[in-house]
Amino acid sequence: MNNAQIVARFELLADLLEFTGANSFRVRAYRNAARTIQGLSQQISDILADKSQKLTDLEGIGKDLADKCQVLVETGQLPQLEEMQKKIPQSVLAMMRIPGLGPKKAAVIYNELKVSTLEELKQACEEKRVRELKGFGAKTEQTILSGIDLAATAEQRTYWAKADRLVQRLKEHLSDVEGIKQLQFAGSYRRGKETVGDIDILVTAKSPDTAMDRLNEFPELSEVIARGDTKMSIRLDNNMQVDLRVVPEESYGAALVYFTGSKEHNVKIRGIAKQHGMKINEYGVFRVEKDGSEQYVAGKTEEDVYKALDLPWFPPELRENRDELKLAEKGLPKLITVEDIVGDMHMHTNATDGKNTLEEMINAAIDKGYQYIAITDHSKRVSMANGLDEERLLAQWKEIDKLKKKFDGKILILKGLECDILEKGGMDMPDKVLEQGEWIIASVHYGQNQSNQQITDRIIGALENPNICIVAHPTGRLINRREAYDVDLDAVFQCAKENNKFVELNANPMRLDLNDIHCHAAQQRGIPIGISSDAHNIEGLEVMRYGIIQARRAGLTKEDVVNTRPWKKIHSLLGR
DNA sequence: GCCGTTTTCGGCCCGACTGTTTTCAGTCG
């Protein structure tokens with residue numbers, strides 16, 4: 001049983017426990033453990049097999065959950081979970097996804113009305129049976145009814161890049177409003193998560209109503225979920241929720257910390273505040289006096305808030321309660337920025353499935369100020385993309401040799417290829433050809449359903465080939481669309497390290513592969529990471545910034561990344 | 001269920017908003 005499967009079991013158990021009204025801290029313990037495991041780059045089964053390691057050393061995993069992990073790995077089952085699943089139909093849990101319906105209310109509906117599916121619940125609402133329950137009313141019934149479809153279709157988070165476009169429209173809409181002083185988008189958007197659930201807006205304003213009235217006029221608004229003195233929630237036509245919060249100026253920094261999250265980071269710093277005899281909430285940091293009174297200490301800016309707790313300001317991308325607090329003790333890393341990037345080493349032209357010509361791509365790269373680019377079209381196995389065979393590739397490289405002269409002094413153009421790793425292993429191009437190139441990428445496009453062993457062997461085989469420089473999108477996942485293929489990244493990293501090879505962070509917002517956790521693991525092993533656009537047209541070069549955000553979440557600095565260096569340095573990194 | 005510079009018990013972050021009550025429980029972030 002792999003980590004993802006263990007995580008799913010623990011999450012399900014947490015849901016079931018919550019539904020049965022278990023101690024909420026116990027529920028949280030399961031969720032925390034699931035989170036920790038999700039963030040591991042090593043398999044639980046490997047840790048168990050390694051006598052020098054202990055599961056209980058992991059944060060949030062004590063004796064009990066360590067035992068449960070072991071049982072899961074060894075038997076693939078968890079008796080406690082089986083028990084609960086027998087008692088509670090899984091369809092009941094879907095009710096808890098309806099906005100406004102939590103575990104308590106869902107349990108009442110299930111126990112009193114014997115309703116266990118969304119379909120039955122809809123019927124019960126329509127027959128006005130729900131409003132008869134104690135603690136329920138006509139309004140709640142209506143909320144449930146309108147939320148049922150949402151619960152059925154929801155669960156899909158929006159790509160960061162798409163959320164960003166919405167944020168820009170909201171920013172524009174709220175920009176020239178008289179009375180709004182400060183405005184910032186917070187939440188997972190600000191932390192740069194690869195997907196975003198909802199949009200959080202924080203403002204300071206003369207009166208909350210100015211901001212709320214303006215949001216109320218947003219053209220994409222479909223309904224107002226709630227509106228109080230300082231807080232307003234709306235839903236948009238695309239079902240996305242937007243929360244607006246208005247705070248006083250002296251609380252702006254504290255509120256920004258609070259609403260940027262993550263929840264886990266906040267819980268942690270609240271604990272630290274307590275140790276300091278202080279309290280932190282969205283209004284500020286307060287010293288708690290012996291008589292119980294509270295004294296405002298800080299809150300105007302984020303820097304003030306962290307400083308009051310003897311902490312440095314954390315870039316939002318690091319606020320995940322992974323290891324940022326430990327890092328802070330020796331000084332936070334200087335995270336990479338998009339300005340550090342001096343070249344792009346993965347792009348396609350109209351020779352294969354790209355839209356633009358060689359020269360168009362080159363000129364676009366010059367406009368971006370790059371020192372160099374690698375032209376890396378597909379190899380022939382990717383027939384769908386009109387992949388290059390030996391003859392066409394050599395012709396393209398000949399052309400590039402000419403262009404090298406033409407663009408001399410302006411930009412360096414590298415002869416590259418995105419060469420497929422064949423299903424049976426081996427490269428989709430003879431070595432005698434590959435060795436004439438300057439930057440050969442290896443990637444898996446076919447046979448993605450193969451076993452862990454097969455896929456791992458294929459990638460390792462590629463990295464051991466002296467002509468290969470880097471493995472592209474190493475896990476093959478497509479966010480919200482396709483799971484990663486079953487690959488032993490530990491073994492891949494090991495091989496990359498031994499052979500002076502690199503791994504890619506593909507900046508396409510649907511890929512972002514490697515993800516933040518894997519990039520961090522590669523960094524810790526000292527494997528240089530190449531951040532590439534994988535552009536298929538000139539506009540595609542712009543996705544580099546999404547890769548940078550992901551890299552920042554991984555804690556990468558300029559030094560960890562391949563294409564922050566001049567080409568000559570990269571050449572020597574490869575041991576050439 | 002986890003955790004420990006208040007250390008093996010007793011905490012565990014904290015406040016806004018809603019709907020249903022008639023002072024508050026539930027939900028959410």
Side-chain angles (χ1 to χ4, degrees), chain A residues 10 13-14 17-19 21-36 55-69 80 95-109 130-144 147 186-191 196-202 208 212 224-235 241-247 251 254-255 257-286 288 294 309 321:
Chain A
F10 281 178
L13 198 43
L17 284 168
E18 193 172 32
F19 184 76
N23 178 316
S24 58
F25 295 109
R26 189 173 163 220
V27 174
R28 201 165 82 183
Y30 279 94
R31 297 207 198 284
N32 282 343
R35 220 186 97 83
T36 295
L55 279 183
T56 49
D57 287 342
L58 298 171
E59 192 165 317
I61 297 189
K63 183 170 183 322
D64 186 88
L65 288 177
D67 287 347
K68 287 194 166 76
C69 284
Q80 185 192 5
M95 291 203 279
M96 292 198 289
R97 286 206 295 272
I98 297 171
L101 259 201
K104 296 283 193 309
K105 284 204 158 98
V108 170
I109 290 173
V130 171
R131 66 177 66 183
E132 303 301 326
L133 297 167
K134 189 173 161 53
F136 289 73
K139 210 74 179 263
T140 311
E141 202 172 62
Q142 195 49 50
T143 308
I144 293 173
S188 52
Y189 168 76
R190 183 162 181 244
R191 300 203 310 283
V196 173
D198 54 21
I199 303 287
D200 302 291
I201 313 173
L202 188 69
M212 293 189 186
V224 176
I225 301 168
R227 178 168 172 169
D229 292 339
T230 64
K231 194 179 156 185
M232 176 175 179
S233 292
I234 64 169
R235 195 176 308 286
Q241 186 173 324
V242 178
D243 297 327
L244 172 72
R245 186 70 179 254
V246 188
V247 297
S251 301
V257 170
Y258 181 83
F259 289 108
T260 298
S262 65
K263 199 166 91 185
E264 291 77 10
H265 175 87
N266 288 349
V267 167
K268 197 83 180 187
I269 63 169
R270 277 163 196 271
I272 292 173
K274 247 186 173 172
Q275 286 167 20
H276 283 66
M278 293 195 267
K279 188 182 104 171
I280 174 170
N281 57 27
E282 58 262 58
Y283 296 108
V285 183
F286 301 88
V288 184
E294 291 168 3
L309 306 176
N321 189 30

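Just so it is clear, the structure is predicted and the values come from calculations on it, not from any experiment. Letters A, B, ... are given to chains in the order of the sequence lines, protein chains preceding strands, and every chain is numbered from 1.
- Across all strands, A:Ala138 comes closer than 4.0 Å only to sugar-phosphate atoms, never to a base (heavy-atom distances).
- Separation of the C1' atoms belonging to B:dT18 and B:dG11 is 30 Å when rounded to the nearest angstrom.
- The side chain of A:Asn281 places an N or O atom within less than 4.0 Å of a non-bridging phosphate oxygen (OP1 or OP2) of B:dG15.
- In this structure, A:Tyr30 atom OH and B:dG1 atom P are separated by 4 Å, rounded to whole Å.
- Rounding to whole angstrom units, CD of residue A:Gln275 and P of B:dT6 are separated by 8 Å.
- Within the structure, a side-chain polar atom (N or O) of A:Thr230 is placed less than 4.0 Å from OP1 or OP2 of B:dC17.
- A:Lys68 comes within 4.0 angstrom of the backbone, heavy atoms only, and of no base.
- For A:Arg28, taking side-chain heavy atoms from C-beta onward, the closest of the listed nucleotides B:dC12, B:dC14, B:dT18 is B:dC12.
- For A:Arg270, no side-chain nitrogen or oxygen approaches OP1 or OP2 of B:dC13 to under 4.0 Å.
- Two residues are said to be in side-chain contact when any heavy atoms from C-beta on lie closer than 4.5 Å; A:Ile272 and A:Met278 fail this criterion.
- For A:Arg245, counting side-chain heavy atoms from C-beta on, the closest listed nucleotide (B:dC2, B:dT18, B:dA16) is B:dA16.
- Between A:Asn321 and A:Val267, the closest side-chain pair of non-hydrogen atoms is not below 4.5 Å.
- On the P atoms, B:dT7 is 25 Å away from B:dG1, given to the nearest whole Å.
- Taking only side-chain nitrogens and oxygens, A:Tyr283 comes nearer than 4.0 Å to OP1 or OP2 of B:dA16.
- Within 4.0 Å of A:Asp229, counting heavy atoms only, lie sugar-phosphate atoms of the nucleic acid but no base atom.
- A pairwise comparison of heavy atoms in A:Ala255 and A:Val247 identifies CB-CG1, 3.8 Å as the closest pair.
- Comparing the P positions of B:dT8 and B:dG4 gives an interatomic distance of 13 Å, to the nearest angstrom.
- The side chain of A:Arg227 contributes no N or O atom lying less than 4.0 Å from OP1 or OP2 of B:dT18.
- In this entry the distance linking NZ of A:Lys268 with C1' of B:dC3 reads 10 Å, nearest Å.
- In this structure the side chain of A:Arg245 reaches within 4.5 angstrom of the side chain of A:Glu282, judged on heavy atoms.
- As judged by a 4.0 angstrom heavy-atom cut-off over every strand, A:Lys134 is placed among residues making no nucleic acid contact.
- Pairing each heavy atom of A:Tyr189 with each of A:Val196, the nearest pair is CA-CG2, 3.9 Å.
- The distance between atom CE of A:Met278 and atom P of B:dC14, rounded to the nearest whole Å, is 14 Å.
- Between A:Ala273 and A:Ile280 the shortest heavy-atom distance is CB-CG2, 3.7 Å.
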Using nucleotides 26-29 of chain B, report all nitrogen or oxygen pairs with the protein that are shorter than 3.5 Å.
residue: B:dT27; atom: OP1; partner: A:Gly102; partner atom: N; Å: 2.8
residue: B:dT27; atom: OP1; partner: A:Gly102; partner atom: O; Å: 3.1
residue: B:dT27; atom: OP1; partner: A:Lys105; partner atom: N; Å: 2.8
residue: B:dT27; atom: OP2; partner: A:Lys104; partner atom: N; Å: 3.2
residue: B:dT27; atom: O5'; partner: A:Gly102; partner atom: N; Å: 3.4
residue: B:dC28; atom: OP1; partner: A:Gly100; partner atom: N; Å: 2.7
residue: B:dG29; atom: N2; partner: A:Tyr258; partner atom: OH; Å: 2.2
residue: B:dG29; atom: N3; partner: A:Tyr258; partner atom: OH; Å: 3.4

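- In this structure, the side chains of A:Gln241 and A:Asp243 come closer than 4.5 Å at one or more pairs of heavy atoms.
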